Student: 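Next up is a structure, given as structure tokens.
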There are 2 protein chains.
Amino acid sequence: MHKEHILTKNQQIIFDLIDKSPEPMKAYSILFNVQKKGIKAPLQVYRALDKLVEIGKIHKIESRNAFIACHNSSCRVAKATAFSICEICEKVTEIGSAGLSKYLANFKDKDGMKYSKYNLEFFGLCKKCR
Amino acid sequence: MHKEHILTKNQQIIFDLIDKSPEPMKAYSILFNVQKKGIKAPLQVYRALDKLVEIGKIHKIESRNAFIACHNSSCRVAKATAFSICEICEKVTEIGSAGLSKYLANFKDKDGMKYSKYNLEFFGLCKKCR
DNA sequence: ATTTAAATTGTTATAATATAACACCATGTA
DNA sequence: TACATGGTGTTATATTATAACAATTTAAAT
Ligand SMILES: [Zn+2]
Ligand SMILES: [Zn+2]
Ligand SMILES: [Zn+2]
Ligand SMILES: [Zn+2]
């Protein structure tokens, strides 16, 4: 499983912060929040983020330039992600639908090409905002 | 149809440039290319880009911070987009699969929520790069 | 134990992407 | 006319992300 990596100090500090956050966090907000723990420069944050994304502990929400912890236990392939995003409150939820991931993993374009990696972002209004 | 808008001067200049480009263009590359036509500041570019995205003439490739012209004649709903992206040569193609758009438009999350707006980016290697 | 390679860290500086604020202009329309 | 709407031009600034380099830690491999 991809989540058994031992994290380094910086990676752990930054993962813990993102994991506790109820909403996606932006890099410079992360930086601000971990400065008291000795992480002082953007690059330290971005390096940890890169690694955490690579090993699947967090995902980047591309349309928001923000990061959330992976809470999808079936998300073994870190590179196949789907999210719903509320356009009012900006709440983001990872979608763990087996049907969806199966459909997308098997999707072939008109040249017959299959893709094992994808990112899907749905937009709408969450329950609370409707 | 969403593509019948009359473009303003700046919008037309910038759309023409993107439309001619074989690959997605980044904002500051656009700026550099239209400076000889009198568009001098980033904001002028971003304002035109925002409008062009809004009316569906171009799309933003979120993972690349780049813009391509819409070449999908069935893409009436500018807000439901799908692309394939080659991770080597960065070639981007808009996917116009009716099956895919139907599947995604009808997709319900576990709370039964449907989304009319989405962006999907597939990653892989294009024909040439395999 | 000693050497070596790989990964991580710390640091300063800088690049790349995007928006705020404000004055002005063009166009349509009541 | 007067008013509303949207577009423009401009300067300044905010936000997001990487380059370059030296030092340190970690985990094998000899
Ligand atoms: Zn996940
Ligand atoms: Zn909401
Ligand atoms: Zn399109
Ligand atoms: Zn390619």
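Because the structure is predicted, anything quoted here is derived from the model rather than measured. In what follows, chains are A, B, ... by sequence order, proteins preceding strands, each numbered from 1.
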Student: Any chance you could list the contact pattern along nucleotides 5-17 of chain C? Use B for base contacts, S for sugar-phosphate-only contacts and - for none, protein heavy atoms under 4.0 Å, 5' to 3'.
Tutor: ---SBBBB----B
Student: In terms of ring plane angle, is the pair B/F122 and A/Y118 parallel, tilted or perpendicular, where the classes change at 30° and 60°?
Tutor: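 Geometry flag for A/Y118 against B/F122: perpendicular rings.
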Student: Sorted by first residue and then second, give each salt bridge (charged side-chain N to carboxylate O under 4.0 Å, His left out) pair with at least one member in residues 30-51 of chain B; sequence neighbours left out.
Tutor: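 Qualifying pairs: B/K51-B/E54.
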Student: Mark yes or no for whether B/N106, through its side chain, and B/K102, through its backbone, hold a donor-acceptor pair below 3.5 Å.
Tutor: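 Side chain of B/N106 to backbone of B/K102: a pair is present.
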Student: Which residues pass the side-chain contact (heavy atoms from CB on, under 4.5 Å) test with B/K127, not counting sequence neighbours?
Tutor: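 Result, side-chain contact (heavy atoms from CB on, under 4.5 Å) vs B/K127: A/D111, B/R130.
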Student: Taking side-chain hydrogen bond (donor to acceptor under 3.5 Å, both in side chains) as the definition, give me every residue that meets it alongside B/E23, ordered by chain and number, with sequence neighbours left out.
Tutor: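 None.
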Student: Return the value, rounded to whole Å, for the distance between atom CD of B/Q12 and atom P of D/dG6.
Tutor: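 My rounded result for the distance is 20 Å.
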Student: Nearest-Å distance, NZ (B/K37) to C1' (D/dT8)?
Tutor: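 Rounded to the whole Å, the gap is 18 Å.
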Student: Between A/L31 (CG) and D/dA14 (P), how many Å, whole number?
Tutor: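 Computing the A/L31:CG to D/dA14:P distance gives 16 Å.
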Student: Transitive ILVMFWY cluster of A/F32 at side-chain heavy atoms under 4.5 Å: who else is in it?
Tutor: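 Cluster partners of A/F32: none, it stands alone.
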Student: Please give, in whole Å, the distance from D/dG6 C1' to B/I6 CD1?
Tutor: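 Nearest whole value for this atom pair: 14 Å.
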Student: Whole angstrom is fine here: how far is it from CZ in A/F32 over to P in D/dT15?
Tutor: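 Atom-to-atom, A/F32 to D/dT15, this comes out as 13 Å.
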Student: With rounding to the nearest 0.5 angstrom, report the CD to CD1 distance, A/E121 to A/I95.
Tutor: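 Separation between the atoms: 10.0 Å.
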Student: Which atoms form the tightest heavy-atom contact between A/Y115 and B/S84, and what is the distance?
Tutor: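 So the two residues come closest at OH-CB, 3.1 Å.
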Student: Could you work out how much the helix from C/dA1-D/dT30 to C/dA30-D/dT1 bends, comparing the axis of its first five pairs with that of its last five, to 10°?
Tutor: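 Rounded to the nearest 10 degrees, the bend comes out at 30°.
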